[in-house]
Amino acid sequence: MADVVIIEKGRHERNYWGDIWRYRELFYVLAWRDVAVRYKQTIIGASWALIRPFLTMVVFTVVFSRIAKLPSDGVTPYPLMVFVGTLPWTFFSTGLTDASNSLIGNSNLISKVYFPRLIVPIAAVVVAFADFLIALAILVGMMFWYRFAPGWNILFFPIFVVAAIGATIGPSLWFTALNVKYRDFRIIVPFIVQLGLYISPVGFSSNIVPPEWRLLYSLNPMVGVIDGFRWSLLGSSSQLYLPGVAVSFLVIIIFMWLGVRQFRATEKSFADLI
Amino acid sequence: MAMSAITVDNLSKRYLLGHQSDPRFRNKDVNLRDAIVRTVRGAVHRTGDTLRGREMIQGDRLEEFWALKGISFEVKEGEVLGIIGRNGAGKSTLLKILSRITEPTAGRVTIHGRVASLLEVGTGFHAELSGRENIFLNGAILGMTRADIRKKFDEIVAFSEVERFLDTPVKRYSSGMYVRLAFAVAAHLEPEILIVDEVLAVGDAAFQAKCMGKMSSVAQENRTVLFVSHNMGAVKTLTTRSILLESGVVTANGPSEAVVENYLLRTLDERTKALRAKNLEGFRRGRLYDNPPARILEINIANPNEDSDTLPEIELGSDFTIEITLDVERPIVNGDLCVVLMNSQGERVTSLVASDRVMGLSLPPGEKIISLSVPDLYLAPGRYFAEVWLDPMIDSTSCDAVFDYPLLSVVNSGQVSHALTRPWGTVYSKKAEWSVLESAAPVNAR
């Protein structure tokens with residue numbers, strides 16, 4: 001006889017994480033669907049994933065370097081520094097925005113079929129990650145253009161990619177769960193993303209932040225992620241401020257814990273609330 | 001003895017409904033000040049609720065609504081169980097709990113095996129994707145792996161009859177094609193327990209027949225099926241046992257034939273009761289005179305066997321008398337009265353016209369009872385309705401008429417025939433004689 005499922009109030013399945021593994025097919029398919037649908041009926045299709053970060057880079061370079069005359073990190077060309085900053089930021093902002101609306105967008109599924117709900121927001125983050133990979137390809141092209149070779153620090157790059165994923169998933173889960181119940185978050189999330197762009201070191205280097213404020217500044221988890229991206233990809237010319245990275249990573253872990261906890265706690269009532 | 005696939009034990013589900021208690025706020029045309037007061041008050045309430053970890057509900061007064069009230073039942077492995085009941089009886093809530101979409105408030109369900117639910121065909125179809133892509137998407141949502149789907153892909157396509165449009169986005173499909181494709185995917189699921197809700201309400205007759213065939217073949221493969229439908233015919237053919245849900249309680253549990261019968265009678269009972277509770281006014285449609293000389297007051301059966309609060313009952317094969325009370329305001333000379341009997345399908349059984357038997361009714365003012373005895377018309381068991389027309393003169397326009405009035409119920413308690421249930425038709429011949437004739441010709445067994 002197959003597995004036994006017991007349904008009771010407040011019962012957390014022992015095999016919740018096992019269930020997620022069992023439903024991995026659905027996870028692939030949902031992510032694939034969102035990627036496939038994303039650029040349907042558009043003229044230039046997936047090129048949008050290239051154009052958006054590229055234009056952001058051009059504008060930021062003009063505004064922050066040419067007009068505001070902010071300094072780059074050491075010898076790094078300013079556009080390159082900006083582009084490396086927009087990589088994790090675009091991933092974070094797209095992931096957060098899409099994930100927090102994902103459950104509402106899939107409400108017909110939530111109210112009709114059972115599956116671990118965690119799959120939906122995470123699939124949305126995966127879609128944002130696909131865009132991230134495309135943008136990464138442009139970065140490689142740009143590094144050739146500027147004849148800029150990464151140093152040994154590139155070995156640490158995967159760690160910061162994982163940190164970027166963590167920094168995106170944590171708040172995403174939290175906002176997703178809250179958004180089902182309180183639609184206020186539909187307004188809050190774009191606002192956070194908009195403000196976050198200015199308080200994160202996307203268009204400028206975090207080295208221009210006064211040293212006594214840097215630890216506080218690193219409470220923004222994206223500060224550690226962006227700094228780490230720049231350090232690992234653009235070489236040692238940009239100094240890595242380790243205490244700041246540690247603080248950022250701690251915040252990322254706290255947000256992950258908060259997000260998963262909030263999500264698991266409210267998951268069962270999604271179908272009633274949505 | 002088969003193992004049980006699903007055991008439902010004392011299951012309850014509560015929903016909270018919010019109401020707006022202040023009538024001032026209920027209508028939309030409040031002034032700005034009231035609207036602001038309400039918004040602020042609501043926000044304070046909601047914030048308070050949120051901080052205390054309660055659910056956020058619109059309105060300021062809560063009402064509990066129990067969609068399910070402690071229901072228990074069991075489904076054996078390989079059994080096909082029908083779940084019937086009116087809208088709002090709790091069927092959908094039950095299915096949502098069984099398919100783990102929502103959580104019960106109390107009670108417990110034990111399920112042995114993998115459950116797939118078809119709470120609606122086409123769940124998760126994406127309009128922008130092609131038919132082919134949607135087969136994979138929908139399959140995954142319903143719990144199939146890509147390998148499963150690939151294996152059954154051709155079968156699914158053949159079943160759905162949309163081969164030619166496989167690479168067209170489903171948003172360009174006709175609704176029939178859409179539904180066929182959706183059902184085709186669902187029909188090829190192979191879980192141990194399948195939950196089906198209202199899928200047979202779609203498609204043309206040929207496709208429905210195909211779906212029914214598929215459903216019964218699934219049932220024969222010894223898989224457990226829960227089947228919810230308003231199509232009583234489908235429930236009777238597909239399921240062996242059924243439960244009847246009424247306002248969150250199981251009121252019948254047994255062989256499908258009996259439960260369906262029970263359900264239909266109950267619905268009919270309630271409708272009849274509601275109809276008879278309103279006096280005749282509810283049935284009067286043709287008030288054709290502004291100031292009629294006479295009106296129909298009551299329609300009754302004289303001395304019924306049993307006058308239940310629903311319908312007067314008479315025994316199969318017995319004579320009956322209809323009594324019609326008239327309120328005559330101005331004298332009627334040479335008037336006419338007509339009674340049309342109809343069966344529950346609305347087909348005319350016969351019409352009884354006063355002027356066929358007497359030369360015309362002449363009535364002085366006052367309340368008069370007209371008695372119409374029918375000694376030689378034997379109606380088959382069932383319910384009968386009456387249409388009564390009152391004409392002030394023979395062949396004139398009617399001055400009053402009553403339609404679809406529940407008149408009587410003919411029951412067979414076994415005095416006439418031993419077969420208690422049988423498709424009786426409409427009339428019953430009491431005096432039919434059977435005999436065997438000594439002749440070379442074979443007996444005509446009609």
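We name chains A, B, ... by the order of the sequence lines, and we start the count at 1 in each one.
- Side chain of Glu25(A) to backbone of Met144(B): no donor-acceptor contact under 3.5 angstrom is found.
- By the neighbour-count criterion of 12 heavy atoms within 6.0 Å, atom CZ of Phe255(A) is sparsely surrounded, having that number or fewer from other residues, nucleotides or ligands.
- Chain A forms more heavy-atom pairs under 4.5 Å with one residue of Thr110(B), Leu142(B), Val115(B), Val8(B) than with any other, namely Thr110(B).
- Listed by chain and residue number, Glu133(B) satisfy the side chain to side chain donor-acceptor pair (under 3.5 Å) test with Ser130(B) (two or more places apart in sequence, or in another chain).
- Rounded to the nearest 0.5 Å, atoms CD (Glu103(B)) and CD (Glu267(A)) are 10.0 Å apart.
- If you take CG on Leu137(B) and CG on Leu30(A), they are separated by 6.5 Å, rounding to the nearest 0.5 Å.
- Around the CZ atom of Phe54(A), the shell of radius 6.0 Å holds no more than 12 heavy atoms that belong to other residues, nucleotides or ligands.
- Contact check for Val109(B) versus Ile6(A): no side-chain heavy atoms found under the 4.5 Å cut-off.
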Chi angles and distances behind the side-chain contact (heavy atoms from CB on, under 4.5 Å) call for Tyr28(A), Arg146(B): CA-CA 10 Å; Tyr28(A) 301 144; Arg146(B) 275 172 301 176; 3.2 Å; yes
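- Proximity to chain B is limited to the side chain of Arg117(A), based on heavy atoms less than 4.5 angstrom apart.
- A distance of 7.0 Å separates CZ of Phe115(A) from CD1 of Ile141(B), quoted to the nearest 0.5 Å.
- Within the 4.5 angstrom heavy-atom criterion, only backbone atoms of Leu98(B) (N, CA, C, O) approach chain A.
- Taking each heavy atom of Ile7(A) and Pro104(B) in turn, the nearest pair found is CG2-CD, 3.6 Å.
- The two residues Ile101(B) and Tyr114(A) come nearest to each other via the heavy atoms CG1-N, 3.9 Å.
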